[in-house]
Amino acid sequence: MGSNSSKISDLPKNEYLKRLSGPEAISENDPFWNQLFSFSFSAPTSSTELKLLEEATISVCKSLVENNPRTGNLAALTKVFLARTRELRLSAECQNHIFIWQTHNALFIICCLLKVFICEMSEEELQLHFTYEEKLPGTYSSDSEDLLEELLCSLIQLITDTPLLDITYEISVEAISAMIVFLSCQLFHKEVLRQSISHKYLMQGPCLPYTSKLVKTLLYNFIRQEKPPPPGTHVFPQQSDGGGLLYGLASGVANSSPFPSSVPHTFQINFNSLYTTLCEQQTSDQATLLLYTLLHQNANVRTYMLARTDMENLVLPILEILYHVEERNSHHVYMALIILLILTEDDGFNRSIHEVILKNITWYSERVLTEISLGSLLILVVIRTIQYNMTRTRDKYLHTNCLAALANMSAQFRSLHQYAAQRIISLFSLLSKKHNKVLEQATQSLRGSLSSSDVPLPDYAQDLSVIEEVIRMMLEIINSCLTNSLHHNPNLVYALLYKRDLFEQFRTHPSFQDIMQNIDLVISFFSSRLLQSGAELSVERVLEIIKQGVVALPKDRLKKFPELKFKYVEEEQPEEFFIPYVWSLVYNSAVGLYWNPQDIQLFAMDSD
């Protein structure tokens, strides 16, 4: 771009970019490259700035796409960058600011071009653009080196091996940005890329030995959450004690003890530090997505987290995401909900959350909660999410996962807060009213159809079927609690008795008769004992009678049903299909990359 380019608006008429994209082939040894890389240009920091950059460079990129088969300038640019990366580590040690600054600019240009190329063409066409060697129109050498693969390997090594100093910070971040762009091919294709070149490079080629080291480095970046250096540090040296922001990506890898394992691509990492950072960063949907992937696809991480005695540090941020559902994007809410579902698959988790007592939950505004168990709070938030979904989004997927989480917990409900017990019955009341309304609409519609056969009828039968499915699920949740932990939940029995008329209409309903037996038995048994105790009873006296009655109720009279257990299952993909999950963990310097855990075994327990 040259030393005069400093604004986005200057780029379309920039002489250096015009020459790069023009019909003239440029030698790798041409002084042009040093001139092209000598610019002071602020990289985009927002989607708006990024869009402006793309719009400003589209003409240059289109020209390069047209001329590159004859000039091979993209390959020349890449080779110049690759040659520079081989000297990058030494330049960092020697504090060669100018060299690092120019190398960063070279990578910035490659990244911008790569993004446009990936948007506009297939992976095969992209690969051809990096292998053109001949200068004759429309020809290229079939035995050319694969510069695209070499570029990817170079990016990985830059991320993992370059010590992260103030002066190398920006090029490290740019390398990760380039990786994200490189792995984004699937985003621009409607069809599934079953033979992805990206997958081949990472999982079969020379990049393979570096993949686990890459993931470990990125995870340590996420853990450390280092702040970026002051602007201009890559150009102007600054005095500082201890090397400023020096922390070694390579040293981070070197300081874990060897992990003796026959499983390839396995490494150790400090689980405690990772857990702490994940707890602190859940306001970011990228961090929530990382947590979901670790829990769902890595058994070591899941086992470690479930064994923690401070699970509230992780669960509370997740609950806060769901509580503020209207302020979050749908992906963030889904990930948070699936995390809860995965956690509730474990009986130990379901028991322990009722033993954690919380005080003064300030973000819960519906009611002052001066003291409540983590389990009861989880129930409140999930029920609130269901009710929000019923009135706003009406997403069946959200309903299903919320109810599945409650069902997984139901057999382990312990000492439910009176408000949590009330909300369970209130949700059932809401569903009951919805059921009656749809049933009435269906009846009226059927009557109307008798007089007019030309008007199409709404599908009330399907609506009714969905509502009845949800109602049965709620009845199963209540029944599971009564069957397995009746003596632990007097507040739920109290709420049942207070709203016992709600259940009357479902006693003889063919869809609910079986599951209503236990609920009806409990209501009848305790109603009888209350009648025997007199008419005017205080809340405290009713609870006392319930606690006494629990001991007297014969357990064999409660019918046993299969245990409610729901497991989250991700949609299965063909073995040969690889989507490189990618994300940018935006918090300051923390950036990360998703991987395929079936191909890379990542974690071992680490006591650091």
Q | Worked check of side-chain contact (heavy atoms from CB on, under 4.5 Å) between D463 and V466 | A | CA-CA 5 Å; D463 291 345; V466 171; 5.8 Å; no
Q) Hey, does H509 have a side-chain heavy atom less than 4.5 Å from the side chain of E468? A) yes
Q) With a 4.5 Å heavy-atom cut-off, do L358 and L316 have their side chains touching? A) yes
(Q) Does the plane of the ring in Y498 sit parallel, tilted or perpendicular to the ring in Y494? Use 30° and 60° as the thresholds. (A) parallel
Q: Determine which pairs satisfy ring pair (Phe, Tyr, Trp, His ring centres under 6.0 Å) with at least one residue from residues 520-559, sequence neighbours left out, and list them in order.
A: none
Q) Q282 and E320: side-chain contact (heavy atoms from CB on, under 4.5 Å), yes or no, with the steps? A) CA-CA 9 Å; Q282 286 309 303; E320 198 166 352; over 6 Å; no
Q: Without swapping roles, check the side chain of N408 against the backbone of F566 for a donor-acceptor pair under 3.5 Å.
A: yes
Q) Closest approach of A404 and L341, non-hydrogen atoms and distance? A) CB-CD1, 3.7 Å
Q.
Do L492 and I425 have side chains that approach each other closer than 4.5 Å (heavy atoms only, starting at C-beta)?
A. yes
Q: Starting from the C-alpha separation in whole Å, work towards a yes-or-no answer on side-chain contact (heavy atoms from CB on, under 4.5 Å) for I386 and M390.
A: CA-CA 6 Å; I386 294 174; M390 287 177 66; 4.2 Å; yes
Which pairs would a plain distance check flag for residues 364-381, meaning a side-chain donor or acceptor within less than 3.5 Å of a matching protein atom at least two apart in sequence or in another chain?
from, atom 1, to, atom 2, distance (Å)
S365, OG, Y323, OH, 2.9
E366, OE1, Y323, OH, 2.3
E366, OE2, R384, NE, 2.6
E366, OE2, R384, NH2, 3.3
E371, OE1, K359, NZ, 2.4
S373, OG, S376, N, 3.0
S373, OG, S376, OG, 3.2
S376, OG, H417, N, 3.0

Q. Side chains of M311 and L343: does their closest heavy-atom pair fall under 4.5 Å?
A. yes
Q) Between L398 and Y388, is any pair of side-chain heavy atoms under 4.5 Å apart? A) no
Q: Would you confirm whether Q225, through its side chain, and N221, through its main-chain N or O, come within 3.5 Å as a donor-acceptor pair?
A: no
Q) Between H296 and Y568, is the gap from one ring center to the other below 6.0 Å? A) yes
(Q) In the structure I gave you, are the side-chain heavy atoms of I471 and H435 within less than 4.5 Å of one another anywhere? (A) yes
Q) Which heavy-atom pair separates A421 from A495 by the least distance, and what is that distance? A) O-CB, 3.9 Å
Q. Roughly how far apart are N489 CG and L482 CG, rounded to 0.5 Å?
A. 8.0 Å
**Q.** S415 side chain to H488 side chain, donor-acceptor N/O pair below 3.5 angstrom
**A.** no
Q: Examine distances only and state if a side-chain atom of R472 and a backbone atom of S511 form a donor-acceptor pair shorter than 3.5 Å.
A: yes
Q | SB check E544 R541 (cutoff 4.0 Å) | A | yes
**Q.** Separation of L431 CG from Q387 CD (nearest 0.5 Å)
**A.** 8.5 Å
**Q.** Between CD1 on residue I478 and CE on residue M516, distance to nearest 0.5 Å
**A.** 9.0 Å
Q | Distance, nearest 0.5 Å, that separates CG of L319 from CD of E312 | A | 11.5 Å
Q) Would you say the side chain of R500 lies within less than 4.5 Å of the side chain of L497, judging by non-hydrogen atoms? A) yes
Q. What pair of heavy atoms forms the shortest contact from R414 to S485, and how long is it?
A. NH1-CB, 3.2 Å
Q: Locate the shortest heavy-atom distance separating L337 from C402; write the atom from each residue and the value.
A: CD2-SG, 3.6 Å
(Q) Using side-chain contact (heavy atoms from CB on, under 4.5 Å), reason through F561 and N484 one step at a time and then give a plain yes or no. (A) CA-CA 10 Å; F561 287 86; N484 294 282; over 6 Å; no
Q) Can you name the nearest heavy-atom pair linking S533 to I545, along with the distance? A) OG-CD1, 3.3 Å
Q. Does N298 use its side chain to pair, donor to acceptor, with the backbone of V301 at less than 3.5 Å?
A. yes
Q.
Checking the side chain of S480 only, and the main-chain atoms of I477 only, is there a donor and an acceptor separated by less than 3.5 Å?
A. no
Q.
Let me confirm one number: the CZ-CZ distance from F506 to F428, rounded to the nearest 0.5 Å.
A. 4.5 Å
Q. Got a donor-acceptor contact below 3.5 angstrom from the S528 side chain to the S524 backbone?
A. no
Q) Quick check: are there more than 12 heavy atoms from other residues, nucleotides or ligands sitting under 6.0 Å from NZ of K547? A) no
Q) Does any non-hydrogen side-chain atom of L214 lie less than 4.5 Å from one of M179? A) yes
Q) Hey, is the main chain of L208 close enough, under 3.5 Å, to the side chain of T211 for a donor-acceptor pair? A) yes
**Q.** Expected output: side-chain N518 to main-chain N479 donor-acceptor under 3.5 Å
**A.** no
Q) Just by modelled atom types, is the T362 backbone N or O under 3.5 Å from a matching donor or acceptor in the N360 side chain? A) no
**Q.** Q505 versus S432, side-chain donor and acceptor atoms under 3.5 Å
**A.** yes
Q. Applying side chain to side chain donor-acceptor pair (under 3.5 Å), which residue pairs with at least one partner in residues 347-357 are found, sequence neighbours left out?
A. D347-K565
Q: State, to 0.1 Å, how close I176 and L218 come at their nearest heavy-atom pair, and which atoms those are.
A: CD1-CD2, 3.6 Å
Q. Can you tell me how far the CZ atom of R302 sits from the CE atom of M305, to the nearest 0.5 Å?
A. 11.0 Å
